[in-house]
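Below, read A as the first sequence line, B as the second, and so on, with proteins coming before strands; counting in each chain starts at 1.
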Amino acid sequence: MNNTLSERKYIIIGVFVLVGLAFIARLFYIQVIDDSYKLDARNQAFRYTTEFPVRGYIYDRKNKLLVYNEAAYDLMVTPKEVKELDTADFCKLLDITKDDFLKKMKKAVQAPNSPRKPSIFEKQLSPQDYAALQERLYRFHGFFVQSRTLRKYPMKIAANMLGYIGEADKDMTERDPYYNEGDYLGISGVEKTYEKVLRGKKGMHILMVDVNNSPKGSYMNGLYDTIAQPGKSLQSTLDADLQLYGEQLMQNKVGSIVAIEPQTGEVLALVTSPSYDPNLLVGRARNKNFSKLYLDTIRVPLFNRATMASYPPGSTFKLVESLIGQQEGVLTPETKYPCSAGYAPLGGHPKCEVHPSPLALYDAIGYSCNSYFSYVFKSIIENKKYHDTYKAFEAWRNIALSFNIGRKTNSDLANELRGNIPSIKYYDKVFGKGAWKASTVISLGIGQAEMGITPLQNANVATIIANKGWYYTPHIVKAINDNPNDTTLNRFKVKHNTAITDPTIYDNVIEGMSHVTESGTAHLLKIEGVEYCAKTGTAENPHGRDHSVFVAFAPKNNPKIAIAVLVENAGWGASWAGPIATLMMEKYLNGKVVRKDLEKTMMDANLIDQPKWEPKKKKK
Amino acid sequence: MERKVSSNIFSDVDWVTVLLYLLLITMGWLNIYSAVYNEDHHVITDMSQKYGKQLLWIGTSLLIALIILIIDEKFYTAFAYLIYGVFLLACIAVPFLGREVKGSRSWFRFGDFGIQPAEFMKFAANLAIAKFLSNQFIKISDYRNTIITLLIIGVPLIVIKVLQDETGLAIVFVTFIFTLYREGLSVNYLLLGFTAIVLFVLALMVNNIYLFVIIGSLCVVATLFIKRNRKNLFVVAVVGLIACSMVKGTSTVYEHMEEHQKVRIDVLLGRGTVNLKKEGYNVNQAKIAIGSGGFAGKGYLNGTQTKYDFVPEQDTDFIFCTVGEEWGFLGSSLVIILELVLIIKVIFMAERQRSAFSRIYGYGVASVLFFHLTINVGMTIGLAPVIGIPLPFFSYGGSSLWSFTILLFIFIKLDSHRLSILR
């Protein structure tokens, strides 16, 4: 009996071992196979805090500070961890209502947020509010504060050029996983084009918390933490004083100024008007201010006209026209054409002003003779050497394109418009194949018709003429972290040649531009001690009065500044754009302006609130 | 009467068992240190902290072990009933004389320290069972003796459950069924118990109508394979009826359970919606802690779930979570294996006894240890309901450590005299 009973030990041991094996199998499953527990553990015991890097500062060409940062604090919430919250006390501290509180909590729970994930409860607390909150934060489980930096603009200039910061949305996070929803990033302007340079690199800290959500030090002594790398600073090519001066001149006017240093392609000033105080698009009032600016469809302050508005070039295109004519061998400085207050072959259209006739190239540029350049355009298109209008037109167009008209300059200014030089295909569609000729599209010769050019492109044309045939891509940044040779900037060190490289061709046009300032349309605008070259323009447009346009460079020899000014619906080029352009050049070259009366007239003039149309319309 | 003359009391002690014991309590102590690790009190002997106190319990346990080895082995046989009686009285008295601690009425308090007599009831009952069943004229197959044995086990169970309301401490006594089985209890009792558990679980999980149909068809199938005489048919019918009444009775039993017990069963079986913040919290946190340990664990003192209090009772009933989190699958398997090795070693030692008393006592030791291991580890990995009983040699606590030490060392002492004549 005892012996058989003794056999029972195997059954007992068998049961014990089976239970042990079942446990080990179960452990293997939950510890090795099933990963969900590891995730749960991390979620509840780790708090991932992002260390946002300091965004790079932006300086002007003389190292004047344009953009810096100021600390702000986001109050974050992890809804799942909120417990035993004294809501009334909490709301009072934050100065919000109970309804606000519930709304914010709801938002924090719903997608794309989640109860387990920290999200922003209250944005951008001021340092004062933060100080008050911080003392009592320990009582509010599930809440913590994350510091962020906000942009500040001490000079309040160049808003559209610098651009603004916004939050990454879902779309953005899908396109670039670097961003989490709510992260700040550059949306426009330099902030956008140099986002990767300015943003630096986010850091991540893993903090351990206990069941009461109180911090218990960093995980593995920070082994898995990454330190935020501050963004790099930018040195802009902008001359802050000149920019400010330009903005003052353009106040209460619609239009833009672009000034470029010809030898380098560096943009010295990029004014668009109306503009806004860049500080408006920062901080808690950002959204309110943004919609206000965004909805201002009259002044459109968020629109960067310098790069985004395409205008008919008007008479300023006659410069390019003169260059092409010479290049194509149909024009010399001695070539003369008549003018009878208009282009006679087409019954006096395009019209012209009264001036000596017939006249040669320099005077034609000086007086901006429409008739003359209609003849020139006709001679280019009907050039014998091609025996074919289409081929001649294509040659004309290609040369114009090489001046970066109708083509993006590929500058580092975000959002640039291409402009337009109509193509053969376009005219075939409009008029029918072979059904058009030089006289059909004669107004191209004076920069009208479908032609479009941005102020930036126009300034670049002035640069090309100043340089006699070449240019560097216009750019707004000259050094990154004080390093002018940063590879990001390499593309601005490539010299571009136009299709016209013979300097004498340019000399002839420069001579003509000199005539403009001495005896021509701009003879009343003098800069003390500076001989400069210019071309006025009065661009017809379907939106109202003519645009006042002016392109120039100075000094005539060894130019230091090339400039294009456009004032919308202001009439004659010499009456608004001209004075503003010369004042800008005077300011830049002489360091001070002696024509105080003119300066005052320009600054005080309000062209925004006057009607766009004039009862009696003059054309030129 | 010839006796082997021992040169000293330690000569026949099974040192492997003692070493296993020492290994387990050391591991336990280190894990308690990690579970309640406090940087402000990082000295492991700091008496203000639990790991310091546990060191005190370990020291005293070793002293007790020594005393047990010194006392003559005849003491335990001679005074088995007396010891049983004394501790049973203590268990009865404690609700009336002891001070209530955290709603528990199972403690005698002496200043900072407390003693739970119910913990010591285990070895006392084990002694009494051994004493009773080792009587050569007693056959357990005699139903009267079965009843007496069940009384020896059942009285303390009921006293502790009813008077002290300590389910965990009470339910342990069920484990002596293994001892009784080894001593000749019909296997039917074990099967009955097992079937009862299975049917209880099934009755809660599956529509009872299906169970009745299944039981009925099993009975019909059974009649096809057995000799269809009157007796067999009667047995089948009775078994079927008992099974059906068990199913039927389940809901009644369940309804009469206390709310927290119902909830624990629901959590284990995943019935209804388990709120992981409330009733499901402990088990879920335990699983998270263990599960997050992975294959090799997070490393000693690097656990976050236990150290930072996500797991409740992480130093006592849920100490296994610390093992799982910091030592991973390797460490937790090792602990289970070590505990099982000790238990199976005890069974083999029991089987080598000439004395029935020693053998029966040895089986009791193995059964008690196994029950604690099963329930304690089982509840942390979601295989057993949450019942608050300690992991042998690991969990923090003086009473439990003393109790396990006494339980084990009495057997080691008995074993060291296995070559003496039959008692």
Enquirer: Closer than 4.0 angstrom, basic N to acidic O: yes or no for Asp89(A) and Lys92(A)?
Expert: no
Enquirer: Please state whether the side chain, the backbone, both or neither of Ile11(A) comes within less than 4.5 Å of a heavy atom of chain B.
Expert: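 The side chain, not the backbone.
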Enquirer: Is it the backbone or the side chain of Phe348(B) that comes under 4.5 Å from a heavy atom of chain A, or both, or neither?
Expert: side chain
Enquirer: Does any heavy atom of chain A fall under 4.5 Å from the side chain of Phe194(B), the backbone, both, or neither of them?
Expert: neither
Enquirer: Is it the case that the side chains of Lys298(B) and Ser292(B) hold a donor-acceptor pair, with the cut-off being a distance below 3.5 Å and no angle test?
Expert: yes
Enquirer: Before giving the answer on side-chain contact (heavy atoms from CB on, under 4.5 Å), spell out for Met379(B) and Phe318(B) the whole-Å C-alpha distance, their side-chain angles and the decisive distance to 0.1 Å.
Expert: CA-CA 9 Å; Met379(B) 73 182 178; Phe318(B) 283 90; 4.2 Å; yes
Enquirer: At a 4.5 Å cut-off on heavy atoms, which part of Ile337(B) comes close to chain A: side chain, backbone, both, or neither?
Expert: side chain
Enquirer: With a 4.5 angstrom heavy-atom cut-off, could you sort out which part of Ile288(B) is near chain A: side chain, backbone, both or neither?
Expert: both
Enquirer: Could you have a look at Thr380(B), Val377(B), Val187(B) and say which one has the most heavy-atom pairs with chain A under 4.5 angstrom?
Expert: Val377(B)
Enquirer: Establish, from distance only, whether the side-chain atoms of Thr97(A) and Asp99(A) form a donor-acceptor pair under 3.5 Å.
Expert: no
Enquirer: Is it the side chain or the backbone of Ile343(B) that comes within 4.5 Å of chain A heavy atoms, both, or neither?
Expert: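 Only the side chain of Ile343(B) comes within 4.5 Å of chain A.
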Enquirer: Is chain A contacted by the side chain of Phe370(B), its backbone, both, or neither, given a heavy-atom distance below 4.5 Å?
Expert: side chain
Enquirer: Under the side-chain hydrogen bond (donor to acceptor under 3.5 Å, both in side chains) rule, what pairs show up with a residue in residues 327-350 of chain B, not counting sequence neighbours?
Expert: Gln31(A)-Ser332(B), Asp14(B)-Lys345(B), Asn31(B)-Trp327(B)
Enquirer: Heavy atoms only, distances under 4.5 angstrom: which of Tyr363(B), Tyr181(B), Phe295(B) has the most pairs with chain A? Name it, please.
Expert: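 Option with the top pair count is Tyr181(B).
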Enquirer: If you count heavy-atom pairs under 4.5 Å with chain A, which of Gly293(B), Gly328(B), Gly297(B), Ser367(B) comes out on top?
Expert: Gly328(B)
Enquirer: I'd like to know which of Leu340(B), Thr304(B), Leu383(B) tops the heavy-atom pair count under 4.5 Å against chain A.
Expert: Leu383(B)
Enquirer: Side chains of Glu326(B) and Asn302(B): is there a donor and an acceptor less than 3.5 Å apart?
Expert: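 Result is no, nothing qualifies.
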Enquirer: Taking Glu51(A) first and then Lys201(A), would you say they form a salt bridge - that is, a charged N and a carboxylate O separated by under 4.0 Å?
Expert: no
Enquirer: Under 4.0 Å between a Lys/Arg side-chain N and an Asp/Glu carboxylate O for Asp183(A) and Arg199(A)?
Expert: no
Enquirer: Flag the pair Arg359(B) and Glu183(B) as a salt bridge only when some basic side-chain nitrogen lies within less than 4.0 angstrom of an acidic carboxylate oxygen.
Expert: yes
Enquirer: Return the minimal non-hydrogen interatomic distance between Ala45(A) and Gln305(B), and the atom names on each side.
Expert: CB-NE2, 3.1 Å
Enquirer: Which answer fits Tyr29(A), side chain, backbone, both or neither, if we ask what part of it has an atom under 4.5 Å from a heavy atom of chain B?
Expert: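 Contact with chain B involves no heavy atom of Tyr29(A) at all.
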Enquirer: Pick one of side chain, backbone, both or neither for Ile290(B), based on which atoms fall under 4.5 Å of a heavy atom in chain A.
Expert: both
Enquirer: Based on non-hydrogen pairs under 4.5 Å, which of Asn284(B), Leu190(B), Ile344(B), Val311(B) is most in contact with chain A?
Expert: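 The answer is Ile344(B).
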Enquirer: Considering only heavy atoms, which portion of Lys307(B) lies under 4.5 Å from any heavy atom of chain A: side chain, backbone, both, or neither?
Expert: neither
Enquirer: Name the member of Gly382(B), Ala366(B), Gly294(B), Ala350(B) that forms the most heavy-atom pairs with chain A at distances under 4.5 Å.
Expert: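 Between Gly382(B), Ala366(B), Gly294(B), Ala350(B), the count favours Gly294(B).
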